[in-house]
Amino acid sequence: MEDLPAKQENLDDPPNSRLFAVTSRSLTEEQLRESFAVFGDVQGVWVVKDKQTKESKGISYVKFSKSSQACTAMEEMHGKVLVEGTKPIKVFIAQSRSSNRHRDVEDEELTRIFVMIPKTFSEEDLKDTFKEYGDIEYCVIIKNKFTGESKGLGYVRYYKPSQAAFAIENCDKSYRAILAEPRSKANVTEEYSGGAPRGDYSGGGGGGGGGEEEEEEGGVQDSTNQYAFPMAPEPVNYQQIDYRSGDFTRCLMVSTRAALTQEQIFALFDLIPGMEYCELQRDAYGLSKGHALIRYSNLGSAVYAKDKLNGFEFPPGNRLGVSYVDDGEDRSSPVGRMAMQFVATQMMSSAWNGPSNNQQGMKPPPPSYPPVSNMQRIQTDVSLPPLKKLFPPDTKAKERLFVVFSPSPLPHDVLEDVFCRFGSLIEVHLVPLRKVGYMKYADKQCADDALAALHGRIVNGVKLKVMLADPPREESHKRPRTY
DNA sequence: CGACGGGACGC
DNA sequence: CGACGGGACGC
């Protein structure tokens with residue numbers, strides 16, 4: 001594209017982050033950029049021109065850094081008249097460059113996600129988990145037809161592509177959310193054959209199968225594009241900042257299906273101190289498009305506002321979706337990092353055990369205490385330390401314990417309750433249909449403590465053998481390891 | 001004794 | 001109708 005510096009840019013990365021626009025031939029790259037920049041980080045704009053005459057062919061491409069930005073821009077800009085007297089523009093997600101299809105990419109292909117979920121999840125649980133990213137048309141869990149038991153896989157259909165993109169980008173990585181393939185039975189997956197790098201539909205933006213978005217050589221040094229800088233991937237072995245993979249910013253976007261007024265949205269977000277900008281997005285007729293942009297003077301307010309208002313019902317029955325919007329700030333500075341760390345630490349307390357949207361109260365975040373709910377659930381001959389918080393699921397494990405249960409395995413939640421108490425527990429993994437499990441710890445000493453305290457002990461009538469786990473089997477070549 | 005990171009929908 | 005250019009990392 002016109003302002004992309006010399007770097008590898010043949011693939012659409014992340015997938016579905018590039019727009020294809022049909023416009024008046026008079027529309028310039030500058031006009032396009034100006035119109036689309038409000039929706040996110042525009043990495044490039046390119047108006048296709050005739051080789052000889054150099055005249056525009058009325059076709060353009062706009063590359064965003066995120067699929068959600070591209071989708072939002074598409075939803076907002078499709079059908080708009082950018083210059084008085086010219087035809088309304090058409091905007092679609094661009095076909096991947098490797099694709100030969102000439103059909104438009106339809107919303108149908110962009111609004112349904114495919115996720116991996118605990119087998120215990122009901123469709124209600126699924127909906128509750130993913131409603132924070134947008135209005136859900138329906139949720140389905142894939143079940144065994146005979147036994148009715150969940151296969152641990154589900155589909156979530158949103159109304160808008162941007163909502164699906166937000167879900168993929170921001171939901172917990174453990175859900176492995178990707179765009180669902182359309183329902184057609186002929187599943188032509190020739191993209192996986194050979195060594196084809198990254199098919200456009202194989203991953204979804206950053207959340208799915210692709211692993212972390214680590215910085216790539218070349219992309220970071222580009223001083224003409226300050227937005228291209230992802231959060232510095234520091235090796236943090238505790239309390240990972242970015243537990244939901246979205247960057248924190250001072251800017252928020254709220255989406256609503258019900259028509260809200262500027263005043264209503266202002267009043268709502270003004271409940272959190274520090275709001276310095278609030279604007280409802282309107283169409284050419286001054287009608288609300290169901291989106292508003294809000295900016296706070298500081299990161300903490302924005303994070304808190306997102307935490308509290310995302311999924312908030314206003315008016316009752318209408319759930320608001322609140323997401324971060326890239327504000328182009330340099331978050332690589334030490335100060336910025338510290339601010340985020342601080343804020344993230346405060347958020348952790350509400351983030352651990354389930355959704356954090358408590359509908360009551362706009363008070364500042366309370367200090368974090370471990371959950372104290374189920375006191376008498378554990379019967380054991382061990383004197384257990386108090387509960388401690390889990391570490392984020394994507395924390396690097398420094399030690400794993402291998403646990404054998406006799407005569408039968410303990411439930412997942414009981415194990416979490418017991419094994420978290422020595423600190424730094426990342427996750428409990430029970431091997432299906434077996435009487436063994438793994439406990440991932442971020443800190444070796446914590447794991448050793450747990451081993452020492454629990455080996456040979458009896459919990460709820462189940463005897464535990466606890467030992468250090470053998471190193472994991474070699475990863476498949478499907479997915480590069482993040483660490 | 002007891003070993004593990006995976007993915008698809010009855011229209 | 002409306003689908004893909006220009007330029008070339010360099011330690």
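So you know, we letter chains A, B, ... as the sequences are listed, proteins then strands, and number each from 1. Side chains included, hydrogens not; waters and symmetry mates left out as well; all remaining heavy atoms used.
Within the structure, the ring-ring contact (aromatic ring centres under 6.0 Å, His included) test picks out the following pairs touching residues 84-121 of chain A (sequence neighbours left out): A/H78-A/F92, A/F114-A/Y155. Every pair passing ring-ring contact (aromatic ring centres under 6.0 Å, His included) that includes a residue from residues 392-419 of chain A is listed here, sequence neighbours excluded: A/F402-A/Y438.
Closest-nucleotide positions on DNA chain C for A/K49 and A/T23 were compared, and the one nearer the 5' end corresponds to A/T23. A residue-by-residue look at A/K54 and A/R25 shows that A/R25 has its nearest nucleotide of DNA chain C further toward the 5' end.
Distances shorter than 4.0 Å separate none of the side-chain N or O atoms of A/H102 from OP1 or OP2 on C/dG2. Within the structure, every side-chain polar atom (N or O) of A/R434 is placed at least 4.0 Å from both OP1 and OP2 of B/dG2. Using a 4.0 Å cut-off, no side-chain N or O of A/K143 falls inside it from OP1 or OP2 of B/dA8.
Residue contacts for A/P471: at a heavy-atom cut-off of 4.0 Å it reaches a base atom on one of the strands shown. Within 4.0 Å (heavy atoms only), A/K465 reaches at least one base atom of the nucleic acid.
Take A/S26 and apply the side chain to side chain donor-acceptor pair (under 3.5 Å) test, not counting sequence neighbours, and it matches A/S24. Contacts of A/S174 classified as side chain to side chain donor-acceptor pair (under 3.5 Å), with partners at least two apart in sequence or in another chain: A/D172. For A/E137, there are no side chain to side chain donor-acceptor pair (under 3.5 Å) partners at least two apart in sequence or on another chain.
The two residues A/R457 and A/A453 make their nearest non-hydrogen contact at CG-O, 3.2 Å.
In terms of polar N and O atoms assigned as donor or acceptor, the side chain of A/R157 never comes within less than 3.5 Å of the base of B/dC9 in a complementary pairing. With hydrogens and angles left out, the side chain of A/K57 and the base of C/dG2 share no donor-acceptor pair within 3.5 Å.
Straight-line distance from the CZ atom of A/R183 to the P atom of B/dG7: 19 Å, rounded to whole Å.
The aromatic ring of A/F402 sits over the base of B/dA3, with ring centres less than 5.5 Å apart and planes inclined by under 30°.
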Whenever both distances are under 3.5 Å in a Watson-Crick or G-U wobble pair, mark it; put DNA chain B into dot-bracket that way, with [ ] for crossing pairs and | when the partner is on another strand. ...........
